[in-house]
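Notes for the one structure printed next.
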Amino acid sequence: MESAAQHVTLDESFHLLRDPYPLFAQRRKEAGVFKGSVMDWSKTPASMRPGQLYAAVSFDAVNRVFRDGKVFNSHIYDSTIGLFIGPTILAMEGKKHWEHRNLVSAAFKSKSLLRWEPEIVRPVVNALIDEFIDAGEADLVRDFTLEFPTRVISKLLGLPEQDLPWFRKRAVELISYTAKYKRAFEASAALKDYFLDQIEKRRTKPTEDIIGDLVSADIDGERLSDEAIYSFLRLLLPAGLETTYRSSGNLLLLLLTHPEQFQAVQADHDLIAPAIEEALRFETPLTTVQRYVMEDTEVDGVALPTGSVIDVCIGSANRDERRWERSEEFDIFRKRLPHISFAAGEHTCMGLHLARMETRVAVECLLTRLANFRLVTDDNPHIFGQPFRSPTAIPVTFHAVG
C-alpha cells in the first residue's frame with residue numbers, strides 16, 4: 001500500500017497547520033489535479049490510509065468533483081464521521097439522498113429563517129454580549145464565537161435551557177472525534193438517547209422547532225425514521241457548531257487585521273454581507289474533504305482509477321488566481337464571484353443560509369453595541385489548523401456604546 005504521507009514532508013506538515021496556502025498555490029501552478037495529497041497522513045495508521053490518493057486543487061477541478069456525484073461519491077463519510085453520527089444525507093447519493101434531503105429541508109424553510117432571526121438568533125447574541133460588555137475586554141473566540149452557535153442550535157432544536165451545559169459538553173465531545181474517538185462514541189450514544197426522548201415528546205405534543213419539524217415532515221406520505229432524525233440532529237453539531245464558530249472567528253480576525261476594511265464595515269453595515277463572503281473565500285473553515293472515485297475517469301488531464309480517493313481542496317480552489325485577481329489578498333470590495341466553501345452539486349450545504357444569517361447578526365450586534373475595538377497583538381492571534389481552520393484566540397479591548 002502506497003503511503004499518502006510521502007507527499008507531504010515534515011516541514012510542509014508544520015507549515016500546513018499555520019499557513020497551507022503557499023503549498024496550495026505551488027500545487028495549482030503545477031496542475032489542477034495531481035497524484036498525492038494536500039493533507040498530512042503521517043499520524044494516520046497505515047491500515048487506514050488510502051492506497052491511491054489524488055488531490056483536486058484548481059477551482060474548475062474542485063467544482064467538477066463536487067458536481068459529479070455519480071463518479072465521485074461521499075461514502076467515505078461512512079468510515080469517518082458516519083461512525084459517530086450514523087447514516088445521514090452526508091454520505092447518501094442519488095434518489096435516497098434527495099428523498100432524505102427533501103424531508104429534512106422542511107426544518108430549514110425560508111419562513112423559519114425569517115422567524116429565527118428576531119426571535120432566537122439576535123436575542124442569543126445580545127445576551128452573550130451582555131456577559132462581557134462591562135469588562136471592556138474579551139477573547140472573542142472563547143467568549144463569543146465558540147459560544148453563540150451552540151446556544152442558537154440548542155434553541156432552534158427546542159431544547160430546555162437547563163440542558164444546555166450537558167448538551168454543549170456532549171456536542172464538543174462528538175465534534176472532537178478525531179482526537180478522542182472512544183469519548184466521541186460515548187457522546188454519540190448519549191445524544192441518541194437524549195434525542196429519542198425529545199422526538200417522543202414531540203410526537204405527543206408537536207412543537208415549532210427543528211425537531212418538531214423533522215418529526216412532522218411528510219412528503220408523499222413518507223416520514224423520517226427515528227434513526228434518520230437523531231442521526232441528522234447529531235450531524236447538525238459538527239455542521240452547525242464547528243463551521244459557524246470557525247467562519248465567524250475567521251471573519252472577525254481578518255477584519256481586525258485589516259483596519260481600513262474594518263472601519264468601512266463599522267461605518268456601513270451593508271458591507272457585512274460581502275465581508276462574510278470574502279472571509280469564506282479567503283479563509284474557509286474547512287479546507288479539504290474527500291471523495292471516492294467510483295469509476296475510471298479523467299479530470300484536468302489526470303487519469304483517476306476506480307477505488308482511489310481524491311482530496312477536494314476547497315481552500316485552494318477559493319484562491320485560484322485564474323478565477324480571482326489578487327486571489328491571495330483579503331478584499332471585501334472585490335468583484336463578487338461565487339466561492340465554493342459550501343461545496344456544490346447535490347451535497348451543497350443545507351445550512352448555508354442559516355450560517356450566513358447567524359454570522360451577519362453576530363457581527364451587526366458586536367458593531368452596534370461595542371466601539372473602539374483594539375486587537376491585542378501581544379499573543380500573536382492568527383488563524384491556524386488543517387483541514388479545519390480558525391483563530392485560537394482573538395483578544396480585544398473595546399468601549400460599550402451608549
For [range], which residue pairs pass the salt bridge (Lys or Arg N to Asp or Glu O under 4.0 Å) check, not counting sequence neighbours?
{"range": "residues 245-258", "value": "Glu242-Arg246"}
{"range": "residues 295-318", "value": "Lys70-Glu295"}
{"range": "residues 255-270", "value": "none"}

Any side-chain donor paired with an acceptor under 3.5 Å for [X] and [Y]?
{"X": "Gln386", "Y": "Thr287", "answer": "yes"}
{"X": "Tyr21", "Y": "Gln26", "answer": "no"}
{"X": "Asn318", "Y": "His339", "answer": "no"}
{"X": "Thr297", "Y": "Arg64", "answer": "yes"}
{"X": "Tyr194", "Y": "Asp163", "answer": "yes"}

Qualifying residue for side chain to side chain donor-acceptor pair (under 3.5 Å) with Arg28, from Ser327, Ser58, Ser316: Ser316
Identify the two heavy atoms, one from [X] and one from [Y], that lie closest to each other, and give their separation to 0.1 Å.
{"X": "Val141", "Y": "Ile394", "answer": "CG2-CG1, 3.5 Å"}
{"X": "Val299", "Y": "Ala61", "answer": "CG1-CB, 3.9 Å"}
{"X": "Leu114", "Y": "Pro118", "answer": "O-CD, 3.0 Å"}
{"X": "Tyr245", "Y": "Thr145", "answer": "CB-O, 3.0 Å"}
{"X": "Thr359", "Y": "Ser247", "answer": "OG1-OG, 4.4 Å"}
{"X": "Ala31", "Y": "Val57", "answer": "O-CG2, 3.3 Å"}

Close side-chain approach of [X] to [Y], heavy-atom, < 4.5 Å:
{"X": "Cys365", "Y": "Arg122", "value": "yes"}
{"X": "Gln198", "Y": "Tyr230", "value": "no"}
{"X": "Val152", "Y": "Glu358", "value": "yes"}
{"X": "Gln290", "Y": "Met39", "value": "yes"}
{"X": "Val265", "Y": "Leu255", "value": "yes"}
{"X": "Val65", "Y": "Val33", "value": "no"}
{"X": "Val363", "Y": "Leu367", "value": "yes"}
{"X": "Val293", "Y": "Asn73", "value": "no"}

Electrostatic pair Lys155-Asp209, nearest N-O below 4.0 angstrom: no
With ring pair (Phe, Tyr, Trp, His ring centres under 6.0 Å) as the rule and sequence neighbours excluded, what pairs involving [range] come up?
{"range": "residues 303-326", "result": "Phe59-Trp324"}
{"range": "residues 133-165", "result": "Phe144-Phe148"}
{"range": "residues 352-376", "result": "Phe262-Phe373"}

Candidate pair Ser341 and Arg281, rule side chain to side chain donor-acceptor pair (under 3.5 Å), full reasoning: CA-CA 7 Å; Ser341 295; Arg281 180 199 72 84; over 6 Å; no
Full working for salt bridge (charged side-chain N to carboxylate O under 4.0 Å, His left out) between Lys335 and Glu277: CA-CA 11 Å; Lys335 177 185 175 183; Glu277 299 309 309; over 6 Å; no
Gap separating the [atom1] atom of [X] from the [atom2] atom of [Y], nearest 0.5 angstrom:
{"X": "Glu364", "Y": "Ile272", "atom1": "CD", "atom2": "CD1", "answer": "4.5 Å"}
{"X": "Ile229", "Y": "Ile199", "atom1": "CD1", "atom2": "CD1", "answer": "4.5 Å"}
{"X": "Asn250", "Y": "Phe282", "atom1": "CG", "atom2": "CZ", "answer": "10.5 Å"}
{"X": "Leu286", "Y": "Ile314", "atom1": "CG", "atom2": "CD1", "answer": "5.0 Å"}

Other residues, nucleotides and ligands only: do more than 12 of their heavy atoms fall within 6.0 Å of [atom1] on [X]?
{"X": "Glu30", "atom1": "CD", "value": "yes"}
{"X": "His382", "atom1": "NE2", "value": "yes"}
{"X": "Glu208", "atom1": "CD", "value": "no"}

Evaluation steps, side-chain contact (heavy atoms from CB on, under 4.5 Å), between Val401 and Arg369: CA-CA 5 Å; Val401 174; Arg369 301 190 59 192; 5.5 Å; no
Is there a donor-acceptor pair under 3.5 Å between the side chain of [X] and the backbone N or O of [Y]?
{"X": "Arg291", "Y": "Val71", "result": "no"}
{"X": "Ser308", "Y": "Leu304", "result": "no"}
{"X": "Arg323", "Y": "Ala317", "result": "no"}
{"X": "Arg334", "Y": "Arg326", "result": "yes"}
{"X": "Gln261", "Y": "Phe330", "result": "yes"}

Phe195 and Arg234: CA distance, side-chain angles, deciding distance, side-chain contact (heavy atoms from CB on, under 4.5 Å) verdict: CA-CA 9 Å; Phe195 285 138; Arg234 287 187 299 203; 4.1 Å; yes
Charged tip of Arg374 within 45° of Phe398 ring normal and under 6.0 Å: no
Arg389 to Phe384 six-membered ring, cation-pi geometry met (6.0 Å, 45°): no
Verdict with supporting geometry, Glu186 and Arg183, salt bridge (charged side-chain N to carboxylate O under 4.0 Å, His left out): CA-CA 5 Å; Glu186 293 168 351; Arg183 191 173 64 180; over 6 Å; no
Verdict with supporting geometry, Phe72 and Met294, side-chain contact (heavy atoms from CB on, under 4.5 Å): CA-CA 6 Å; Phe72 305 97; Met294 299 304 293; over 6 Å; no
Trace of the salt bridge (charged side-chain N to carboxylate O under 4.0 Å, His left out) decision for Glu117 with Arg360: CA-CA 10 Å; Glu117 178 175 337; Arg360 174 179 55 79; 2.7 Å; yes
Chi angles and distances behind the side-chain contact (heavy atoms from CB on, under 4.5 Å) call for Leu191, Trp166: CA-CA 10 Å; Leu191 284 164; Trp166 182 91; 4.0 Å; yes
Test log, rule salt bridge (charged side-chain N to carboxylate O under 4.0 Å, His left out), inputs Asp60 and Arg322: CA-CA 10 Å; Asp60 288 346; Arg322 284 161 290 192; over 6 Å; no
